[in-house]
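Computation of the quantities below employed the complete heavy-atom set of this structure, encompassing side-chain atoms and omitting hydrogens, waters and symmetry-equivalent molecules.
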Amino acid sequence: MKFLIPILIFLTACSQTSLVAPDLEYLTTNEKGKPLEGVVVYNPLGLKQLVKQRRNQAISRIRKACDPYGWKIAKEETSTLKKRGGKKYKENSNLKMLAGSKIRFVNYQCRK
């Protein structure tokens with residue numbers, strides 16, 4: 001029983017990629033504040049049910065970001081942080097420790 005609690009805490013922490021890697025997600029808006037496009041991330045590693053739940057949470061973040069407009073997924077890819085250019089990430093960050101070296105990036109576009 002005493003082993004169950006640390007395992008549950010670890011699984012909960014891994015399922016919340018937005019808490020582990022908030023600096024990887026972004027939303028671009030126009031000068032009037034209308035959402036245009038963005039990126040959400042989630043951890044693609046682990047049990048199938050947990051990965052599905054994480055993806056659903058990522059889709060919910062997309063819906064919320066594009067509200068009241070529609071949205072579409074432009075591209076989905078699994079990548080390592082080192083291959084994903086543009087930003088410098090800390091080697092010892094919580095992201096690398098909890099989510100492993102692979103992250104699922106979902107690029108999306110908001111519609112009118």
Side-chain angles (χ1 to χ4, degrees):
M1 187 67 170
K2 58 182 161 180
F3 296 110
L4 183 60
I5 293 172
I7 292 170
L8 290 175
I9 291 171
F10 179 76
L11 290 175
T12 302
C14 288
S15 69
Q16 298 295 324
T17 308
S18 63
L19 298 175
V20 177
D23 57 336
L24 296 177
E25 296 190 0
Y26 69 86
L27 173 67
T28 305
T29 60
N30 67 10
E31 61 279 352
K32 295 180 182 179
K34 179 186 179 244
L36 299 176
E37 64 182 7
V39 171
V40 295
V41 297
Y42 66 93
N43 180 355
L45 305 174
L47 298 173
K48 188 175 181 178
Q49 296 88 345
L50 288 176
V51 173
K52 185 175 180 178
Q53 178 187 10
R54 290 181 207 134
R55 187 175 190 280
N56 289 340
Q57 290 171 348
I59 297 299
S60 293
R61 292 194 301 276
I62 292 172
R63 283 191 190 114
K64 184 176 178 181
C66 290
D67 189 50
Y69 307 101
W71 56 274
K72 73 173 187 173
I73 294 177
K75 181 178 171 184
E76 267 190 82
E77 66 178 340
T78 301
S79 181
T80 62
L81 292 180
K82 291 182 180 181
K83 288 184 182 178
R84 189 82 175 186
K87 293 183 180 181
K88 296 190 179 213
Y89 303 105
K90 296 177 184 174
E91 284 297 317
N92 295 325
S93 68
N94 289 339
L95 176 69
K96 189 156 181 99
M97 181 180 71
L98 293 176
S101 60
K102 296 203 183 278
I103 302 295
R104 187 77 173 168
F105 292 85
V106 182
N107 297 33
Y108 63 92
Q109 297 173 339
C110 299
R111 298 179 178 177
K112 292 183 179 181

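- Distance check, rounded to the nearest 0.5 Å: CG of Leu24 to CD1 of Ile103 gives 6.5 Å.
- With respect to Glu76 and Arg55, a salt bridge is recorded, a charged nitrogen being found less than 4.0 Å from a carboxylate O.
- The side-chain contact (heavy atoms from CB on, under 4.5 Å) test applied to Arg63 returns Ile59, Ser60, Trp71, not counting sequence neighbours.
- Within the structure, every pair that satisfies the disulfide bond (SG atoms under 2.5 Å apart) test and touches residues 27-78, not counting sequence neighbours, is listed here: Cys66-Cys110.
- The distance from the CG atom of Asn30 to the CG atom of Leu36 is 5.0 Å, given to the nearest 0.5 Å.
- Of all heavy-atom pairs spanning Tyr108 and Tyr26, the tightest one is OH-O, 3.8 Å.
- Considering all non-hydrogen atoms of both residues, Leu27 and Ala65 come closest at CD2-O, 3.9 Å.
- Scanning both residues, Pro35 and Thr29, for their nearest heavy atoms gives CA-CG2, 3.9 Å.
- Looking at Arg54, its side chain does come within 3.5 Å of a backbone N or O of Asn43 through a donor-acceptor pair.
- Salt bridge status for Arg104 with Glu77: absent, with no side-chain N to carboxylate O gap under 4.0 Å.
- When the side chains of ILVMFWY residues are joined at heavy-atom separations under 4.5 Å, either directly or via intervening members, Ile73 and Tyr69 end up in two distinct hydrophobic clusters.
- If you run side-chain contact (heavy atoms from CB on, under 4.5 Å) between Glu25 and each of Val41, Val39, Val106, only Val41 comes through.
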Give the C-alpha distance, both sets of side-chain angles, the deciding distance and a yes or no for side chain to side chain contact (heavy atoms under 4.5 Å, CB included) between Leu50 and Gln53. CA-CA 5 Å; Leu50 288 176; Gln53 178 187 10; 3.7 Å; yes

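- The distance from atom NZ of Lys72 to atom CD of Gln109, rounded to the nearest 0.5 Å, is 4.5 Å.
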